[in-house]
Amino acid sequence: MFQATMEAAQVGIFVLGGGRFIYVNPFICELFGYSAEDFQSRIGPLDLVVPEQHDLVREQMALRAAGVPGKAYELTARRQDGSLFTMSVLGMPATFGDLPVSVGTVLDVTERKNAERRIRELADFDALTGLPNRRLLHDRMAQMIASAERDGGTAALMFLDIDHFKRVNDSLGHSVGDDLLCALAQRYTGVVRRVDTLARLGGDEFIILLPDVSAASAADVARRVLEIAGSSFSVGGHELTVTSSIGISLYPQDGRDIDTLLKNADTAMYKAKELGRNTFQFYSREMNTATLERLMMESSLRHALTGDEFELHYQPLVCLRSGEIVGVEALIRWCHRDLGVIMPDRFIPVAEETGMINPIGDWVLFEACRQAQAWIDAGLSLRTMAVNVAPVQFRQAGFVEMVAGALGTTGLAAERLELELTERTVMHDAEFTLGTLSALNRMGVCLSLDDFGTGYSSLAYLKRFPVGKLKIDRSFIMDLETDHDDRAIASTIVNMGSSLRLTVLAEGVETAEQLALLRQMGCSMVQGYHFSRPVTAARMTELLRDQPFRYEK
């Protein structure tokens, strides 16, 4: 009866003694793919598990041999064919004659483990889209808030709602609506980072958690989400176009707990719907204003070039020794049809972020060269046309060729063009910069280092760079009469420039006292409101002709 029971059991049963199998029932043989003879002659317990768990098996065998009752534990088992499965083992100490043995059972629990994993997935993930659900979202939010609070960081929560989604379900059916939600989830996943969390809150509502981001970065993500969702979907034989409304709350200013951040983001989302949908809103009214202005400016920039909304103003560059206007600096202005004149400090950062700076910079260079040659053709004395070059523009492929094209097209002599670059621009990847500067220098173009003193310049590189002029930053000039440190810095730059045989120009000169101090230091050139604000080309023509700052002899 005992033999029949062991052989009929649908669980693996073994008797283990002295580290060898004394008995195994047919079920355990079938489970592992070995015969009973194999078990009793050549197969030991360690042969049935992966190597990483050998120590655990040895420990359990020693405890059973010492008479300690066992508890069920799990191992990764290996069959004769090399396939793996999860088994649960329970052993108890016993005796077989005078030999201490372990009697135990083995169960294949692979299906149970898979079922448990599936249950966890159902508990934490949305069954339709596979995204984290509300339960897991709350866990991730708690972690995000705790991390931000600990590190003094920031975070953002985005509440997304599909505009008019009910119409899809009502007109095309819930299966098409479900397919659309899955397609949207897949697109949204391509926008977020690995550290972010994209979750489905329920229905057509999604949440994106963005740890360690600024408001500007959150706005960029929202903009990408709107763009990627705006392309048409092919779902169930239908071409569908949908839009989203997004509300954004920021940690810590819009809330320090889960419920508050969710509520405020939800409020901002409904505000976005009120404003016409297919947009995003921050919970903060002030931030909304700034963000909307930036979005409007970005959109308008794309039409400004083709709409001839840019124009150049010019500021005189004055020789301190003679008072003669020997050059001008070209400064861009945006004449917006609704907002009036927009200064470059407002739109240049947006142009740099959106990639518009290259075509804008190219236009500035061509227009400045054209105007300079027009003045020269009119018989006016102009030695230098100075043009600022943005870092992104300077590093673009073909920049040297573009400069050559501007000179060739307008007929301006290369030595009359001066390109102004900031310290930070030339010191970024200095070896690459040196190659570009050298190519421009060989062409005959003059080079100037703008905002000097505000960045970090290696004197070794400064000696190697073919730079002909240093411009003392206006921050050292504005308090020149009263700040001893500013005077010391300005004087040092003038002396260093003189030692390196470089022209030194002070920008931002506004008072006669500043001018007198700079003349005492031996500064070569100046520019600033003391002489003239940036003016139109027509007014600059008059200044070049009249030379009102020239000293009487």
Side-chain angles (χ1 to χ4, degrees), residues 312-331 368-369 371-388 412-420 444-453 466-474 476-478 480-481 486-487 489-553:
L312 292 184
H313 287 196
Y314 303 89
Q315 189 171 35
L317 308 180
V318 180
C319 173
L320 256 180
R321 188 176 65 255
S322 65
E324 181 183 359
I325 300 174
V326 294
V328 299
E329 179 179 356
L331 300 163
C369 291
Q371 181 61 68
Q373 188 59 42
W375 280 325
I376 293 169
D377 292 342
L380 298 174
S381 176
L382 182 73
R383 299 180 205 169
T384 301
M385 170 59 76
V387 178
N388 290 283
L412 184 68
E415 61 270 16
R416 295 185 187 272
L417 175 63
E418 181 176 275
L419 298 181
E420 295 187 359
V445 174
C446 300
L447 301 165
S448 172
L449 207 54
D450 198 9
D451 298 340
F452 191 78
V467 173
K469 181 184 291 181
L470 301 180
K471 294 187 70 174
I472 305 175
D473 186 69
R474 67 183 65 248
F476 301 120
I477 304 300
M478 60 192 305
L480 199 63
E481 309 100 305
D486 283 349
R487 283 202 303 276
I489 292 171
S491 178
T492 299
I493 294 174
V494 170
N495 291 333
M496 183 179 67
S498 176
S499 300
L500 295 173
R501 295 184 296 279
L502 301 176
T503 300
V504 178
L505 181 150
E507 57 182 349
V509 177
E510 298 185 358
T511 67
E513 291 80 5
Q514 294 170 351
L515 187 64
L517 287 169
L518 289 166
R519 183 178 284 113
Q520 291 174 12
M521 295 176 191
C523 187
S524 307
M525 298 175 65
V526 289
Q527 73 178 104
Y529 289 0
H530 179 70
F531 298 96
S532 172
R533 291 176 177 270
V535 295
T536 63
R539 174 57 181 153
M540 194 68 235
T541 301
E542 297 174 359
L543 292 175
L544 286 171
R545 183 180 60 244
D546 299 340
Q547 290 292 344
F549 315 121
R550 185 181 289 158
Y551 306 134
E552 296 294 336
K553 294 184 179 179

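In this structure the side chain of Thr536 reaches within 4.5 angstrom of the side chain of His313, judged on heavy atoms. Val526 is not listed as a side-chain neighbour of Gln514, based on a closest heavy-atom distance of 4.5 Å or more. Taking the side chain as every heavy atom from C-beta outward, Glu420 and Leu505 never approach each other to under 4.5 Å. Contact annotation: the side chain of Pro534 never approaches that of Met540 to less than 4.5 Å [non-hydrogen atoms, C-beta and beyond]. When side chains are defined from C-beta on, Val328 counts as touching Met385, because their heavy atoms get closer than 4.5 Å. Arg416 is not listed as a side-chain neighbour of Thr384, based on a closest heavy-atom distance of 4.5 Å or more. Gln547 has its side chain within reach of Ile325: a pair of non-hydrogen atoms, C-beta onward, lies under 4.5 Å apart. Met525 has its side chain within reach of Val326: a pair of non-hydrogen atoms, C-beta onward, lies under 4.5 Å apart.
Put simply, CG on Leu417 and SG on Cys446 are 8.0 Å apart, with the number rounded to the nearest 0.5 Å. For the atom pair OG1 of Thr541 and CG of Asp546, the computed distance is 10.5 Å after rounding to the nearest 0.5 Å. To the nearest 0.5 Å, atoms CE (Met478) and OG1 (Thr511) are separated by 11.5 Å. Here Leu480 contributes atom CG and Leu518 contributes atom CG; the two are 5.5 Å apart, rounded to the nearest 0.5 Å. With rounding to the nearest 0.5 Å, the separation of CG in Leu515 from CD1 in Ile477 is 10.5 Å. Phe549 contributes atom CZ, which lies 12.5 Å from atom CG of Leu320 (distance to the nearest 0.5 angstrom).
Residues Ala368 and Val387 come closest through the heavy atom pair CB-CG2, 3.6 Å. Among all heavy-atom pairs drawn from Pro316 and Leu543, the shortest one is CG-CD1, 4.2 Å. When all heavy atoms are compared, the tightest approach of Leu412 to Ala372 is CD1-CB, 3.9 Å. Between Gln373 and Ala413 the shortest heavy-atom distance is OE1-N, 4.3 Å.
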Cut-off 3.5 Å, no hydrogens considered: what does the side-chain donor-acceptor table look like for residues 490-501, sequence neighbours left out?
{"from": "Thr492", "atom 1": "OG1", "to": "Ala488", "atom 2": "O", "distance (Å)": "2.7"}
{"from": "Asn495", "atom 1": "ND2", "to": "Ser491", "atom 2": "O", "distance (Å)": "3.2"}
{"from": "Ser499", "atom 1": "OG", "to": "Asn495", "atom 2": "O", "distance (Å)": "2.9"}

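Pairs passing the salt bridge (charged side-chain N to carboxylate O under 4.0 Å, His left out) check and including a residue from residues 508-534, sequence neighbours excluded, do not occur.
Residues meeting the side chain to side chain donor-acceptor pair (under 3.5 Å) test with Gln527, sequence neighbours left out: Gln315, Glu329, Lys471.
With respect to Arg539 and Glu542, a salt bridge is recorded, a charged nitrogen being found less than 4.0 Å from a carboxylate O.
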